[in-house]
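See below for the structure under consideration.
Residue numbers count from 1 along this sequence.
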Amino acid sequence: MEAMNEPTMLLEIERELAGPGKDAALARYDAVLVGLERRLDAAMKEGLPPDEFPRVEALREANTLARKILRLTARVGGEARKA
């Protein structure tokens with residue numbers, strides 16, 4: 001079986017976040033991002049080589065943005081289904 005390509009995967013996530021199980025889907029995807037946040041925090045506490053710090057900081061910012069987009073998608077998806 002061939003893996004889904006990224007646009008198809010994103011559309012599937014959007015459908016999940018707009019569907020009747022949106023709260024469970026939101027919790028599941030957010031848990032993945034929270035796990036990444038915890039691993040990033042642990043890496044920062046342990047100390048990073050100077051050349052890795054900018055990449056980890058950029059990943060941290062991207063993760064924060066992903067969590068915000070996830071919540072907005074769930075909120076807008078639910079509102080779009082009501083319309």
Taking atom [atom1] of [X] and atom [atom2] of [Y], what is their separation to the nearest 0.5 Å?
X     : Y     : atom1 : atom2 : answer
Leu26 : Leu70 : CG    : CG    : 5.0 Å
Ile69 : Thr64 : CD1   : OG1   : 11.0 Å
Asp23 : Arg28 : CG    : CZ    : 11.5 Å
Asn5  : Leu10 : CG    : CG    : 9.0 Å

Sole candidate of Met44, Arg39, Glu61 that passes side chain to side chain contact (heavy atoms under 4.5 Å, CB included) when paired with Val56: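 Exactly one pass, corresponding to Met44.
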Go through Leu36 and Arg60 one step at a time and tell me if the side chain to side chain contact (heavy atoms under 4.5 Å, CB included) criterion holds. CA-CA 9 Å; Leu36 175 58; Arg60 181 194 298 261; over 6 Å; no
If you define the side chain from C-beta out and look only at heavy atoms, does anything of [X] sit under 4.5 Å from [Y]?
X     : Y     : result
Glu16 : Tyr29 : yes
Leu11 : Arg15 : yes
Leu72 : Arg75 : yes
Leu48 : Arg55 : no

Taking all non-hydrogen atoms of both residues, which atom of Arg71 and which atom of Asp30 are closest, and how far apart?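 Looking at all heavy atoms of both residues, the shortest contact is NH2-OD2, 3.5 Å.
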Compare every heavy atom of Asn63 with every heavy atom of Glu37, then report the nearest pair and how far apart it is.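 Closest heavy-atom pair between Glu37 and Asn63: CB-ND2, 3.5 Å.
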Path from Leu40 to Leu33 over hydrophobic side-chain contacts below 4.5 Å: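 Different hydrophobic clusters.
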